[in-house]
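Structure, as structure tokens:
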Protein chains: 2
Amino acid sequence: MSGVAGASKKPTVKEVARRAGVSPMTVSRTLAGGANVRPDVQERVLAAVRELGYHRNENARSLRPGQSSGLIGVAITNLGNPYYGNFALGVEEVVAETGRRIILGNTGGESWRERQLVADLRGRQVEGLILVPAGGPSDHLSPDHLGDMPLVLASRRIYGLDVDVVLLDDVGGAYRGTLALLDAGHTRIGYLGNVGSAFTGGRRYEGFARALAERGVIADPELIVREQQDAASASAGEATRRLLDLPAPPTAIFSANNRNSIGALREIGRRLRAGSRAADMPEIVSFDDFELAELMPVPVTVVEHDARQLGREAARLLLSRLQMTDRSEQPARLVEMPVRVGRAVHV
Amino acid sequence: MSGVAGASKKPTVKEVARRAGVSPMTVSRTLAGGANVRPDVQERVLAAVRELGYHRNENARSLRPGQSSGLIGVAITNLGNPYYGNFALGVEEVVAETGRRIILGNTGGESWRERQLVADLRGRQVEGLILVPAGGPSDHLSPDHLGDMPLVLASRRIYGLDVDVVLLDDVGGAYRGTLALLDAGHTRIGYLGNVGSAFTGGRRYEGFARALAERGVIADPELIVREQQDAASASAGEATRRLLDLPAPPTAIFSANNRNSIGALREIGRRLRAGSRAADMPEIVSFDDFELAELMPVPVTVVEHDARQLGREAARLLLSRLQMTDRSEQPARLVEMPVRVGRAVHV
DNA sequence: CTGTTAGCGCATTCAG
DNA sequence: CTGAATGCGCTAACAG
């Protein structure tokens with residue numbers, strides 16, 4: 001309860017100055033670190049600040065030329081997905097170290113929302129943008145539109161857009177995950193992916209196909225499901241049902257993402273409850289980790305990766321570019337984050 | 001590629017005005033909806049806007065008195081937790097409907113970070129604040145400090161702070177979850193909670209204890225673990241180990257949150273792998289849902305609730321308060337969101 | 001319908 | 001070490 005009666009109207013530098021018996025400039029200087037202000041005067045100013053509950057108006061501050069907003073725009077496709085939540089967390093951590101904040105928007109994976117969000121973030125004078133592309137048209141991301149505002153893409157890249165990108169080692173992870181199945185003797189391996197994330201999906205499929213090809217295993221088209229409309233686990237369950245109902249069902253399934261893995265395992269659970277034997281159910285390799293994988297009724301191998309690190313790296317790329325004097329001259333960088341393939345201990 | 005050569009410097013109203021051959025005011029009016037501007041002039045203005053890649057500076061805009069920033073501050077304890085991610089998503093959805101944005105910060109559950117974040121958000125002229133309290137001192141949230149900036153608390157409430165709050169039906173959910181165990185004949189029921197979230201934890205324990213009391217079951221203090229320092233699943237696993245190593249171990253465990261449930265189940269998994277029989281493992285009731293609960297090797301009952309709805313409701317409370325002419329006069333509201341108790345289908 | 005004036009809160013520049 | 005003047009981008013309020 002430091003306060004004065006009417007804390008309702010927001011105080012400005014002027015009022016603080018008057019209360020401290022100095023000029024607004026002295027207040028500003030004090031708040032900026034106190035260089036060239038007598039200590040006792042600083043005391044008075046800070047006391048007035050406390051008493052009035054004054055907070056500097058950062059918007060007005062960033063209005064002045066040369067001053068930056070201290071805001072980094074982050075646009076992700078689905079905040080509710082823990083993966084992107086952790087991604088945002090990583091960005092926030094790194095960005096906060098420089099005293100900046102993130103202003104976060106959700107695109108829902110829809111291009112028009114992304115376009116609108118980017119426009120709005122620009123209007124709010126963000127210093128830079130970190131974005132998980134929604135897919136679809138992307139002219140609003142061209143340097144032409146963004147001016148000198150740096151952009152970092154995460155998770156997916158956009159061809160023709162020459163900017164910094166952080167990706168996972170999708171190809172390598174899928175390759176090694178698939179090899180694990182082949183090493184275990186599987187030859188009929190199902191593939192579960194979806195079209196939603198064309199870029200990522202394509203890369204993961206590439207790794208999958210490469211592993212099969214190397215071992216001389218012919219991929220049976222019947223076992224490849226890539227055309228699911230959405231990434232919901234429900235549709236993955238449906239796809240799994242079809243695979244398992246085939247005359248010669250797969251003995252293992254490679255799932256290209258978390259949602260698909262969950263869907264597949266739910267379907268397997270359903271069958272077990274209906275009397276199927278666990279031994280007849282396929283083993284799973286899941287690109288994307290998920291909790292309690294080791295408690296699943298079938299063996300699960302996960303391709304783990306750290307969303308938070310991905311976010312941290314994206315933030316680092318952006319911050320480093322912000323520090324460059326000749327931002328747009330420097331070449332675009334591509335960082336591929338490692339993934340780890342490991343079998344979840346099976347009950 | 002609509003652009004002119006140098007898109008690098010950000011254009012202002014003035015430049016748009018000059019290009020369109022009008023005054024800055026006409027540009028402003030056009031962008032504000034175009035009332036009282038001849039259609040053909042509007043055309044010219046909009047063309048200039050496009051050509052220059054102009055975006056209104058929202059910060060400068062909100063500097064003018066009466067104009068609001070269109071920003072809602074959201075402070076949560078852990079972005080990486082899907083629960084809070086979904087919460088933020090819900091907030092974002094509702095807030096976006098009014099053309100506003102959220103500016104999101106992570107407190108990590110630390111009071112000092114919360115304090116700093118709140119100060120910063122104030123400085124950025126947010127219209128209101130939605131916050132999941134970190135716990136600890138909270139004088140920085142008093143009306144005295146916040147002035148007329150509305151605040152909505154979510155998940156936990158802070159005693160002595162008379163503001164709008166959205167909570168879960170913690171007591172009722174825990175009560176009904178515990179009853180489910182009692183109905184199934186269990187009398188030795190373990191309790192797994194932690195001190196991190198004192199408020200929520202207290203309420204859930206209350207529901208648990210009430211159910212036992214009503215059925216005349218004496219809670220064995222040995223079976224109650226509430227003093228874990230952190231919410232990490234690892235420490236929950238440790239606590240579970242102790243419970244199961246008792247001479248008379250519990251036949252069921254009530255877990256007060258998601259993290260604890262995961263930890264407990266991991267420990268159970270460990271024991272099963274070491275040769276224990278599933279029949280000797282305790283049944284679980286988990287406050288907080290988690291995926292694939294139906295595939296666990298022991299029966300699991302979940303107390304489900306929807307973080308996104310919680311977020312939506314918090315946003316609604318805030319927006320409605322923003323619309324009140326006499327904000328601070330209106331009484332604080334308390335909303336309790338329902339939870340659903342349901343047994344996960346067990347393999 | 002359109003332009004001019006003025007000022008929001010702050011910090012840089014230049015005097016004292 | 002401190003203060004006064006000035007202008008950042010924008011838009012009410014008031015001319016015209």
Side-chain angles (χ1 to χ4, degrees), chain A residues 9-46 48-49 52-71 119-120 122-127 147 149, chain B residues 9-46 48-49 52-71 119-120 122-127 147 149:
Chain A
K9 284 281 172 285
K10 288 181 184 159
T12 74
V13 254
K14 276 187 186 163
E15 315 184 36
V16 175
R18 195 144 42 87
R19 192 178 176 91
V22 295
S23 80
M25 238 358 268
T26 300
V27 176
S28 177
R29 275 194 266 258
T30 301
L31 263 35
N36 296 338
V37 182
R38 281 198 345 247
D40 57 312
V41 177
Q42 290 193 44
E43 288 287 322
R44 281 217 313 276
V45 170
L46 292 176
V49 165
L52 263 40
Y54 169 77
H55 287 260
R56 185 164 58 185
N57 183 331
E58 296 296 334
N59 289 349
R61 182 177 152 78
S62 69
L63 196 55
R64 318 244 33 243
Q67 302 279 3
S68 54
S69 66
L71 249 26
D120 191 85
R122 280 204 63 182
R124 299 195 185 282
Q125 311 306 111
V126 297
E127 295 179 51
M149 190 179 80
Chain B
K9 284 280 173 286
K10 288 182 186 159
T12 74
V13 253
K14 277 186 187 164
E15 315 184 37
V16 175
R18 195 144 41 88
R19 193 175 175 89
V22 296
S23 79
M25 225 15 252
T26 300
V27 175
S28 176
R29 275 194 266 256
T30 301
L31 263 36
N36 296 338
V37 181
R38 274 192 1 236
D40 58 312
V41 176
Q42 289 193 44
E43 288 287 323
R44 282 217 313 276
V45 170
L46 292 176
V49 164
L52 261 42
Y54 169 76
H55 287 261
R56 184 164 57 185
N57 182 331
E58 296 295 333
N59 289 349
R61 181 172 151 72
S62 68
L63 196 57
R64 318 239 43 243
Q67 302 279 4
S68 54
S69 66
L71 248 29
D120 191 85
R122 278 205 63 181
R124 298 194 185 282
Q125 313 306 112
V126 297
E127 295 179 50
M149 190 179 78

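A note on names: the letters A, B, ... follow the listed sequences, proteins ahead of strands, and every chain is numbered from 1.
Of all the heavy atoms in A:Val45 and A:Val22, the pair that sits closest is CG2-CG2, 4.1 Å. When all heavy atoms of A:Thr12 and A:Tyr54 are compared, the pair lying nearest together is C-CE1, 3.6 Å. The two residues B:Gln125 and B:Ser69 have their closest heavy-atom pair at O-OG, 2.5 Å.
Atom pair A:Glu58:CD and C:dC8:C1' shows a separation of 16 Å (rounding to whole Å applied). Summarising the geometry, the separation between CG on A:Asn59 and P on C:dA11 is reported as 12 Å, rounded to the nearest angstrom. The separation between B:Lys14 atom NZ and D:dC10 atom P is 10 Å, rounded to whole Å. Remark: P of C:dG9 and NZ of A:Lys10 are 11 Å apart, rounded to the nearest angstrom. The distance from atom CZ of A:Arg44 to atom C1' of D:dT2 is 12 Å, rounded to the nearest whole Å. In this structure, CD of A:Gln42 is placed 13 Å from C1' of D:dT2, rounded to the nearest angstrom.
Both A:His55 and B:Met25 sit near DNA chain C, but only B:Met25 has its closest nucleotide nearer the 5' end. Residues B:Arg29 and B:Leu63 each lie close to DNA chain D; by heavy-atom proximity, the contact nearer the 5' end of the strand is made by B:Leu63. Both B:Ala60 and B:Asn36 lie close to DNA chain C; mapped to their nearest nucleotides by heavy-atom distance, the more 5′-ward contact belongs to B:Asn36.
Here the nucleotide nearest the side chain of B:Gln67, chosen from C:dT13, D:dT2, D:dT11, is D:dT11. Here D:dG7 is the nucleotide among D:dG7, C:dG9, D:dC10 with the atom lying nearest to any side-chain atom of A:Arg64. Of the listed nucleotides (C:dC1, C:dG9, C:dC8), C:dG9 has the atom at the smallest distance from the side chain of A:Val13. Comparing atom distances between the B:Pro24 side chain and each of C:dG3, D:dT11, C:dA11 picks out D:dT11 as nearest. Residue B:Val37 places its side chain closer to C:dT2 than to any other of C:dA11, D:dC10, C:dT2.
Residue B:Arg38 has a polar side-chain atom (N or O) positioned under 4.0 Å from OP1 or OP2 of C:dT2. For B:Arg56 and D:dT11, the shortest distance from a side-chain N or O to OP1 or OP2 is below 4.0 Å. Phosphate proximity of D:dC1 to A:Thr26: absent, as no side-chain N or O sits under 4.0 Å from OP1 or OP2. At the phosphate of C:dG9, neither OP1 nor OP2 sits under 4.0 Å from any side-chain N or O atom of B:Gln125.
Taken to the nearest 0.5 Å, the CZ atom of B:Arg56 stands 14.0 Å off from the CZ atom of A:Arg122.
Backbone-only engagement by A:Asn57 is indicated by non-hydrogen atom pairs under 4.0 Å involving sugar-phosphate atoms exclusively. If you check every strand for non-hydrogen atoms under 4.0 Å, B:Arg61 touches sugar and phosphate atoms only.
Ionic pairing of A:Arg61 and A:Glu58 is present here: one or more N-O contacts between side-chain nitrogen and carboxylate oxygen are shorter than 4.0 angstrom.
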